[in-house]
Amino acid sequence: MEITEKQYEYALSKIEELLPLVQEDTPVDDPKSVELVLFSEIAEAYEEKHFPIEKPTLGEIIKLAVEEKGMTQSQLAKEIGVSPSRISDYINNRAEPTLKIAAMLCVVLGIAPAVMLGL
């Protein structure tokens, strides 16, 4: 079933209305809780179709992790034993790290191996 924009907007308004009424201790079979789940599923289905979020590239993941750690590319390069230009290649998706380097990036930057592998 195709969800229209009008249905999506109605679902969003119902979610806003129901959120303050449903607490963590609200039973899952409570009518307000059931409504919230249903309207949330409608909104999610519409958003997945009309506002898809693409998976980040490996370069974007590395760049974000470097920024979050407050490191420079040169610091990261020194830490894992590659040249700063090689880090730039990874970040700009011009090269992919070897498994050994990918493992070190995971450890140094705190990236989950599954994320590094694109899973």
Side-chain angles (χ1 to χ4, degrees):
M1 178 174 117
E2 181 74 26
I3 299 167
T4 66
E5 185 175 0
K6 194 170 193 169
Q7 291 169 326
Y8 169 69
E9 289 172 0
Y10 179 75
L12 289 180
S13 70
K14 291 299 285 183
I15 291 168
E16 289 295 319
E17 179 184 313
L18 292 165
L19 274 175
L21 305 175
V22 177
Q23 306 300 316
E24 286 185 30
D25 59 345
T26 304
V28 292
D29 59 350
D30 180 89
K32 288 178 178 45
S33 182
V34 171
E35 274 188 283
L36 180 60
V37 168
L38 292 174
F39 284 117
S40 295
E41 288 174 355
I42 290 168
E44 183 179 354
Y46 183 88
E47 289 172 355
E48 282 179 1
K49 181 172 183 175
H50 296 280
F51 309 113
I53 298 174
E54 295 181 22
K55 279 188 169 184
T57 65
L58 180 57
E60 290 168 336
I61 292 167
I62 294 170
K63 181 179 180 182
L64 179 62
V66 168
E67 290 171 0
E68 287 178 348
K69 290 284 185 181
M71 298 177 82
T72 65
Q73 291 181 26
S74 295
Q75 290 170 322
L76 176 59
K78 185 176 180 181
E79 186 104 14
I80 65 172
V82 298
S83 68
S85 65
R86 186 47 106 185
I87 298 296
S88 177
D89 288 342
Y90 300 150
I91 288 175
N92 292 299
N93 298 304
R94 290 188 298 259
E96 289 190 12
T98 63
L99 285 177
K100 179 180 175 185
I101 297 296
M104 290 193 298
L105 286 168
C106 287
V107 171
V108 172
L109 296 175
I111 300 171
V115 172
M116 182 66 70
L117 294 171
L119 303 176

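The structure displayed is predicted, hence computed values, not measured ones.
When all heavy atoms of Ile61 and Pro56 are compared, the closest pair comes out as CG1-CG, 3.9 Å. Nearest heavy atom pair, residue Gly59 against residue Asn93, reads N-OD1, 3.1 Å. Here the shortest heavy-atom pairing between Arg94 and Ser88 reads NH2-OG, 3.1 Å. Of all non-hydrogen atoms in Pro113 and Cys106, the two that sit nearest each other are CA-SG, 3.8 Å. Scanning all heavy atoms of the two residues, the minimum distance from Pro27 to Ser33 falls at O-CB, 3.4 Å.
Counted by atom type alone, Ser74 and Thr72 present zero donor-acceptor pairs between their side chains at under 3.5 Å.
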#### Entry: side chain to side chain contact (heavy atoms under 4.5 Å, CB included) assessment of Lys69 paired with Leu76
CA-CA 10 Å; Lys69 290 284 185 181; Leu76 176 59; over 6 Å; no

### Task
Kindly indicate, with the supporting measurements, whether the criterion side chain to side chain contact (heavy atoms under 4.5 Å, CB included) is fulfilled by Lys14 and Glu17.
CA-CA 5 Å; Lys14 291 299 285 183; Glu17 179 184 313; 3.2 Å; yes

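Phe51 and Ile42 fall within the same hydrophobic cluster, where Ile, Leu, Val, Met, Phe, Trp and Tyr residues are linked whenever their side-chain heavy atoms come under 4.5 Å apart, directly or through other members. Side-chain heavy atoms closer than 4.5 Å link hydrophobic residues (I, L, V, M, F, W, Y) into clusters, and following such links, possibly through other members, connects Ile101 to Val115. No continuous path of hydrophobic side-chain contacts links Leu117 to Leu64 [ILVMFWY only; heavy atoms under 4.5 Å]. In this structure, Val107 is not a member of the same hydrophobic cluster as Ile87, with clusters built from ILVMFWY side-chain heavy atoms closer than 4.5 Å. Neither Leu109 nor Leu99 shares a network with the other; the hydrophobic side chains, linked directly or stepwise wherever heavy atoms of I, L, V, M, F, W or Y lie under 4.5 Å apart, form separate groups for each.
Remark: Gln75 CD to Ile80 CD1 distance equals 12.5 Å, nearest 0.5 Å. Atoms CD and CG, on Glu47 and Leu12 in that order, are 6.5 Å from each other to the nearest 0.5 Å. For the atom pair Glu9 CD and Thr4 OG1, the distance stands at 8.5 Å (nearest 0.5 Å). If you take CD1 on Ile91 and CD on Glu60, they are separated by 11.0 Å, rounding to the nearest 0.5 Å.
By the 4.5 Å heavy-atom criterion applied to side chains, Lys49 and Glu2 are counted as neighbours. At a threshold of 4.5 Å between non-hydrogen side-chain atoms, the residues Gln23 and Thr26 count as touching. Residues Val108 and Met71 are in side-chain contact: their nearest non-hydrogen atoms beyond the backbone lie under 4.5 Å apart. Residues Arg86 and Pro97 form no side-chain contact, since every pair of their non-hydrogen atoms from C-beta on lies 4.5 Å or further apart.
Between Tyr10 and Phe39, the angle of the ring planes goes over 60°, which puts this pair in the perpendicular group of the 30/60° scheme.
Other residues, nucleotides and ligands place no more than 12 heavy atoms under 6.0 Å from the CD atom of Glu5. The environment of CD in Glu96 is sparse: at most 12 heavy-atom neighbours from other residues, nucleotides or ligands sit within 6.0 Å.
Within the 3.5 Å criterion, the main-chain N or O of Lys32 finds a donor-acceptor partner in the side chain of Asp30.
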